[in-house]
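Comments concern the structure below.
Within every chain, numbering begins at 1; the chains are lettered A, B, ... in the order of the sequence lines, protein sequences first and strands thereafter.
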Amino acid sequence: MRHENPFQLLIAAILSAQCTDAIVNKVTPRLFARFPDAASLAKADISEVEMLIRPTGFFRNKARAIQETSRLLVTRFGGEVPRTLKELVTLSGVGRKTANVLLSAAALEGWEGWDAVLGGLGIVVDTHVLRLSRRLGFTESADPERVEQDLQGIFPGEEWASLPLRLIYFGREVCTARRPRCAECPLLPYCPAGLKGSATWGSAGGQGGQI
DNA sequence: ATCCCGAGGG
DNA sequence: CCCTCTGGAT
């Protein structure tokens, strides 16, 4: 997700719920040209915000969320993005997944002043991470928090920030939800769902996309 | 468990 | 047409 600072990534991450990042990247340049920081977005006309973000879906909820979050940044966090998961999830439209997106970006991009709190970093579990974790046998659970715990038990802490980005890319290009390209997959020899899955997921009578 | 909601792919 | 997309709040 494109961003120039923590505020922009926070807003973009809220907008990315149930929406491709390509669409988020399409609307954020206009949004941030009009409202570049928390102070300006906090005072914005809500209907104008709705128009700007409409293509991302859930636009009424999301407009309310990013404006309320901007107000909270101004009134409770000095106009800055808070740097702990506990504080981040108090923001409107921000759950554990979105909070972990911020902490992961801070770790990967080496944000100034964030290193002290990165011990609380978790693993981003979105729709791709959830699906691939189940297919690859990292977890049996469908609960995002439980999946995160299972992944934390498998991967060393240094990989927690980068793992989701790699799974997401892999999930978009190869291990897609609907019709995974098992024939082109380098992980096929190690995949429990593997080719036997494609018989189930695919055409005849299968209740497709169970995993 | 349900609602929010538009856009793109198959 | 139906399913999926870097979910969160009620």
Side-chain angles (χ1 to χ4, degrees), chain A residues 1-3 6 8-28 30-31 46-47 49-72 85-109 121-135 138 141-148 151 160-182 184 198 200-211:
Chain A
M1 228 137 27
R2 306 189 76 94
H3 59 277
Q8 290 190 2
L9 180 58
L10 173 62
I11 299 304
I14 294 172
L15 295 179
S16 74
Q18 295 293 287
C19 164
T20 62
D21 63 329
I23 294 182
V24 175
N25 288 332
K26 195 179 72 176
V27 307
T28 47
R30 286 182 296 138
L31 179 67
I46 189 67
S47 58
V49 177
E50 289 179 356
M51 298 293 285
L52 286 167
I53 68 169
R54 182 168 28 99
T56 67
F58 301 154
F59 63 91
R60 280 184 283 266
N61 283 344
K62 288 177 180 178
R64 262 192 287 108
I66 64 177
Q67 180 161 63
E68 177 61 17
T69 280
S70 296
R71 287 178 178 146
L72 290 170
L85 194 145
K86 182 186 292 185
E87 291 173 309
L88 283 165
V89 296
T90 68
L91 299 170
S92 182
V94 179
R96 187 177 178 86
K97 179 261 172 182
T98 301
N100 274 329
V101 167
L102 269 289
L103 296 176
S104 297
L108 292 171
E109 299 174 10
L121 169 74
I123 298 178
V124 172
V125 177
D126 60 26
T127 178
H128 291 295
V129 173
L130 184 61
R131 180 181 72 251
L132 296 191
S133 294
R134 288 166 62 79
R135 283 185 182 168
F138 296 149
S141 176
D143 172 49
E145 287 211 35
R146 178 59 190 273
V147 173
E148 183 178 354
L151 290 174
W160 290 4
S162 61
L163 175 70
L165 291 177
R166 288 179 280 167
L167 288 179
I168 288 164
Y169 175 79
F170 183 62
R172 275 201 298 242
E173 302 298 322
V174 181
C175 198
T176 54
R178 204 89 167 277
R179 188 177 169 279
R181 302 172 180 173
C182 296
E184 307 171 22
S198 59
T200 313
W201 297 329
S203 34
Q207 47 260 85
Q210 189 178 32
I211 303 182

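Counting to the nearest Å, the P atom of C:dT6 and the CZ atom of A:F170 are 15 Å from each other. We find that CG of A:L167 is positioned 12 Å from C1' of C:dT6, with the value rounded to whole Å. Atom CD1 in A:I14 sits about 9 Å away from atom P in C:dG8, given to the nearest Å. Taking atom CG of A:L165 as the reference point, atom C1' of C:dT6 lies 9 Å away to the nearest angstrom. At whole-Å resolution of the value, CD1 in A:I11 and P in C:dG7 are 17 Å apart. Atom CG in A:L10 sits roughly 15 Å away from atom P in C:dG7 (whole-Å rounding). Taking atom CG of A:L132 as the reference point, atom C1' of C:dC5 lies 13 Å away to the nearest angstrom. Between A:N100 atom CG and C:dG8 atom C1' there is a gap of 15 Å when expressed in whole angstrom units.
Straight-line distance between the P atoms of C:dT6 and B:dC3: roughly 24 Å, to the nearest whole Å.
At least one side-chain heavy atom of A:I53 sits under 4.5 Å from a side-chain heavy atom of A:L31. Residues A:L85 and A:N100 have side chains in contact (heavy-atom distance under 4.5 Å, counting atoms from C-beta outward).
In this structure, A:T176 contributes its side chain and A:R179 its backbone to a donor-acceptor pair below 3.5 Å. In terms of modelled atom types and a separation under 3.5 Å, the side chain of A:D126 and the main chain of A:V129 share a donor-acceptor contact. Side chain of A:R181 to backbone of A:C175: no donor-acceptor contact under 3.5 angstrom is found. A donor-acceptor pair under 3.5 Å is formed between the side chain of A:T90 and the backbone N or O of A:E87. Side-chain N or O atoms of A:E148 include one that pairs as donor or acceptor with a backbone N or O of A:I123 at under 3.5 Å. Distance alone, capped at 3.5 Å, is enough to place a donor-acceptor pair between the A:K62 side chain and the A:A17 backbone. Side-chain atoms of A:S92 never come within 3.5 Å of backbone atoms of A:T69 as a donor-acceptor pair (strictly under, hydrogens ignored). In this structure, A:R96 contributes its side chain and A:E145 its backbone to no donor-acceptor pair below 3.5 Å.
Positionally, the nearest nucleotide of DNA chain C for A:A22 lies more toward the 5' end than for the other of A:A22 and A:S92. With the nearest nucleotide of DNA chain C identified for both A:C19 and A:V94, A:C19 has the one nearer the 5' end.
The shortest distance between the side-chain N/O atoms of A:T98 and the OP1/OP2 oxygens of C:dG8 is below 4.0 Å.
If you check every strand for non-hydrogen atoms under 4.0 Å, A:I53 touches nothing. Heavy atoms of A:V24 sit nowhere under 4.0 angstrom from any nucleic acid atom.
Looking at residues 56-67 of chain A, you'll see A:F58 sit with a heavy atom under 4.0 Å from some atom of DNA chain C.
Listed nucleotides C:dG7, C:dC3, C:dC5 differ in distance to A:R178; the shortest reach to its side chain belongs to C:dC3.
First and last contacts of DNA chain B with chain A, using any nucleotide atom under 4.0 Å from a protein heavy atom and ordered 5' to 3', fall at B:dC4 to B:dG9.
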